Amino acid sequence: MIEINLDGQQVSVTEGSMIMHAADKAGTYIPHFCYHKKLSIAANCRMCLVDVEKAPKPMPACATPVTNGMIVRTKSDKALKAQQSVMEFLLINHPLDCPICDQGGECQLQDLAVGYGGSGSRYEEEKRVVLHKDVGPLISMEEMSRCIHCTRCVRFGQEVAGVMELGMIHRGEHSEITTVLGDTVDSEVSGNMIDLCPVGALTSKPFRYSARPWELSRRKSVSPHDSTGANLIVQVKNNRVMRVLPLENDDVNECWLADRDRFSYEAVNSDERLLAPMLKQGGAWKTVDWQTALEYVANGIKQIKADHGAQGIGALVSPHSTVEELFLAGKLVRGLGSENIDYRLRNAEFTQGEGVRWLGTTIASLSNLQRVLVVGSNLRKDHPLFSLRVRAAVRKGAQVSVVNDTDHDWAMSIAGRSIVPAAQWAQALAGIALSIGREKGVEPPSSVRPELAIPDHPELVEGQAQPERDRDQWDAIAKSLLSGEQKAILLGNAAAHHPNASTLLALANWIGAQTGASVGYLTEAANTVGAQLAGALPGAGGLNAAQMLDGRLKAVLLLNNEPEFDSADGHRAAVALGLADMVVSLTPFKANMEFADVLLPIAPWTETPGTFVNAEGRVQSFHAVVKPIGEARPAWKVLRVIANMLGVQGFEYESAQDVLAAVRGADAQQPFVQGGLLNNATQAQANLSGPAGKPVTAAIYQLDGVVRRAPSLQLTADGRAAAQPRPQPVQAPEGVPA
């Protein structure tokens with residue numbers, strides 16, 4: 001540790017730290033623009049000049065290393081005059097258009113100009129003008145004349161996002177930030193550049209000119225999309241969500257958000273919102289009141305149970321629903337005498353596993369891993385914020401290996417890769433296991449059959465032209481995993497949905513045990529772990545999602561999902577649901593209208609309290625940030641009323657907190673731990689037989705109904721590439737009665 005004197009205060013910092021780091025530790029504010037704690041040091045704004053004793057001139061605090069006994073003054077006349085001079089230079093070409101600037105009221109330059117700027121300018125010449133750029137539907141670069149060239153946006157793309165989409169061209173007064181070739185900014189985390197911009201040069205295109213910062217109320221929430229559980233600040237005006245920003249939490253999302261988390265709020269204000277209950281009568285939809293709709297549902301379920309028994313009733317639920325909603329949906333179905341409930345609509349295998357499938361390590365630890373093996377995932381698009389952490393680990397020297405069917409661009413260096421069809425993933429993992437066994441002199445278990453490494457099984461190696469190359473790749477991945485210390489094997493969405501998911505898990509567990517790596521699932525949705533804890537899985541004798549979607553059910557409850565988009569076979573699901581006697585859809589949107597009989601408007605994540613459990617098992621509860629619009633109601637309340645009308649006992653809950661307390665009490669084997677983590681119990685027996693088709697995964701902006709209805713996200717390059725037309729059922733698929 002090195003000790004310096006900062007404004008008369010003794011401060012100890014680690015060797016190699018800058019004066020700015022010492023000031024942060026001491027709680028002393030030094031004005032700055034280009035410095036950011038998550039980015040490299042550029043030292044190009046010079047706003048942080050301070051007075052260092054024995055230095056001939058003021059020194060930049062962000063780029064001056066501390067030395068033992070250094071004396072620094074941040075408020076001396078020398079420092080203040082230097083800072084005021086820099087501010088005068090910064091304002092020479094700034095347009096000074098605060099009254100119409102979208103950043104007005106939360107602008108760092110505006111704030112510092114009050115403290116360090118003069119009352120007038122000595123500069124009388126014309127100000128420079130920089131032409132605006134169109135970089136896509138998310139970021140506005142209409143007023144680039146405001147840019148002060150701090151290069152935060154450039155460094156973010158290069159260092160954090162891994163894609164240098166913006167850069168600086170020209171020199172001196174002619175310098176400007178641009179995409180150079182006139183391209184769009186297509187990174188899945190591009191919105192963070194808006195937060196980083198200290199002036200009004202980069203602003204949010206969807207939010208632009210819609211509200212002033214001082215008009216907005218700020219409320220905390222949690223993202224309902226992928227399994228990061230990103231912490232949010234939702235800004236509200238007149239009971240309408242206007243903007244979403246990151247709430248800093250170093251253990252979860254740091255200070256970043258994926259664009260999916262930032263801009264999906266547009267959907268909750270869209271014209272596709274379902275504002276009142278609707279019934280289908282004579283093939284036409286009719287708006288009705290809640291009492292009529294609920295009586296129709298209750299009477300229909302009672303009649304179907306009487307005619308076909310409780311086994312004809314089932315619920316397909318979304319892992320983007322809250323713990324409370326999932327728990328009550330399961331309790332309702334089981335109260336009727338059925339065990340037919342499942343959240344795994346995209347899965348192809350439904351073996352009975354033990355424990356909870358989760359990340360297997362903490363989210364924060366991903367930034368410090370030294371060896372990583374990712375199986376069946378497009379990490380960058382499936383889990384953008386996890387990808388940022390793994391990329392940060394690579395920048396520190398980590399080695400990342402991949403087993404996948406497509407060689408995606410992850411914007412990071414990949415040490416080893418085995419790019420084979422999904423049907424051969426088990427073979428690839430078995431090959432890696434055999435290489436590890438040979439290296440360590442350990443006999444692999446019987447489930448890792450030696451012949452898997454030999455191309456004589458056509459069902460596993462069909463189309464494989466270069467087995468020697470594959471064995472070299474397996475050896476390279478094995479060698480990587482056997483070195484280093486902190487290691488993780490991460491199974492992605494495609495591995496979870498794989499027809500041989502249990503085989504992949506068993507092989508990964510064996511490899512993890514031999515290499516000292518943690519093993520876990522990246523998990524697809526905001527509440528995949530919570531769905532398991534809430535019991536949203538079929539019990540003894542219950543039908544799984546695939547069985548419920550093959551036409552066996554007479555009454556189907558759809559909670560917050562659209563099977564035509566959210567299941568492994570959307571066309572087949574739509575046809576099968578059309579054959580049911582009654583389909584009840586609890587949805588925030590006008591969805592499932594082709595096959596549903598009742599639409600009940602439920603509140604999206606912004607309008608209901610609830611709880612999500614992220615990939616690492618972190619329990620995060622949140623409140624509604626706005627009141628439900630129209631006749632929408634929180635889903636947990638709707639389920640409670642339906643249960644009461646059906647005479648199901650045990651639904652006397654007064655609040656979402658009461659429901660959560662019941663969930664905690666009901667799950668004795670895997671208790672919830674607020675802010676804690678779950679024990680890894682993802683063991684399974686290998687079963688090397690069975691189907692091995694291509695697993696179904698959702699594109700980045702097709703993951704759930706909210707992002708699918710966010711206009712700006714759908715206009716991005718990723719959104720346009722993955723746009724899904726609605727399937728048109730024309731005939732019953734094989735296995736579904738006509």
Side-chain angles (χ1 to χ4, degrees), residues 344 346-351 353 357 360 372-379 381-383 400-408 410 414-437 444-445 447-467 469-478 480-481 488-512 514-515 517 519-524 568 682 684-697:
R344 302 166 296 174
R346 291 193 176 101
N347 283 30
E349 184 193 75
F350 299 91
T351 55
R357 296 189 173 187
V372 188
L373 172 60
V374 181
V375 181
S377 175
N378 181 3
L379 184 65
K381 302 297 182 181
D382 292 347
H383 301 88
V400 177
S401 301
V402 180
V403 174
N404 202 18
D405 58 353
T406 305
D407 193 6
H408 296 290
W410 286 3
I414 304 298
R417 48 168 60 85
S418 178
I419 307 301
V420 295
Q424 298 177 23
W425 289 353
Q427 180 198 11
L429 288 182
I432 295 168
L434 288 167
S435 296
I436 291 171
S447 60
V448 185
R449 297 198 301 247
E451 59 265 26
L452 278 177
I454 304 173
D456 61 3
H457 282 258
E459 76 278 8
L460 291 171
V461 296
E462 183 178 355
Q464 182 172 323
Q466 294 178 291
R469 181 204 62 190
D470 289 340
R471 282 197 285 269
D472 290 342
Q473 292 170 345
W474 300 338
D475 290 343
I477 295 173
S480 175
L481 287 174
I489 300 173
L490 304 174
L491 301 172
N493 298 346
H497 302 158
H498 199 280
N500 280 332
S502 60
T503 300
L504 300 179
L505 177 59
L507 292 167
N509 276 326
W510 189 88
I511 294 171
Q514 296 301 317
T515 60
V519 179
Y521 283 90
L522 293 165
T523 72
E524 180 181 38
T682 55
Q685 296 299 315
N687 176 13
L688 296 174
S689 61
K694 183 177 177 63
V696 175
T697 57

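What you see is a predicted model; the values in this text were computed from it and never measured.
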How close do A426 and T503 get, counting heavy atoms only, and between which atoms?
CB-CG2, 3.9 Å

Can you name the closest pair of heavy atoms from V400 and I414 and give their distance?
O-CG2, 3.4 Å

Roughly how far, to the nearest 0.5 Å, is CD1 of I432 from CD of Q427?
10.5 Å

As an exercise, state the distance from CD1 of I436 to CD of Q514, rounded to the nearest 0.5 Å.
7.5 Å

Could you work out, with side chain to side chain donor-acceptor pair (under 3.5 Å) as the rule, every residue matching T515, not counting sequence neighbours?
none

Testing the basics here: between L379 and L522, what is the closest heavy-atom pair and its distance to 0.1 Å?
CD1-CD1, 3.8 Å

CG-CG distance between L504 and N509, expressed to the nearest 0.5 angstrom:
11.0 Å

Say you draw a straight line from CG of D407 to CG of N378; how long is it, rounded to the nearest 0.5 Å?
10.5 Å

Which heavy atom of H383 sits nearest a heavy atom of S377, and at what distance?
ND1-OG, 4.4 Å

Examine distances only and state if a side-chain atom of H497 and a backbone atom of V696 form a donor-acceptor pair shorter than 3.5 Å.
yes

So L373 and L481, do their side chains get closer than 4.5 Å, heavy atoms only?
yes

Considering residues at least two apart in sequence or located in another chain, which fulfil the side chain to side chain donor-acceptor pair (under 3.5 Å) criterion with D475?
S435, R438

Distance, nearest 0.5 Å, that separates CG of L505 from NE2 of H498
13.0 Å

Where A428 and W474 come nearest, the two heavy atoms and their spacing
CA-NE1, 3.5 Å

Who pairs with A508 by side chain to side chain contact (heavy atoms under 4.5 Å, CB included), at least two apart in sequence or on another chain?
I489, L491, V519

Reported OG1-to-CD distance for the pair T697 and E524, which is rounded to 0.5 angstrom:
8.0 Å

With a 3.5 Å cut-off and no angle check, do the side chains of N404 and W425 form a donor-acceptor pair?
no

What pair of heavy atoms forms the shortest contact from R344 to T351, and how long is it?
NH1-O, 4.4 Å

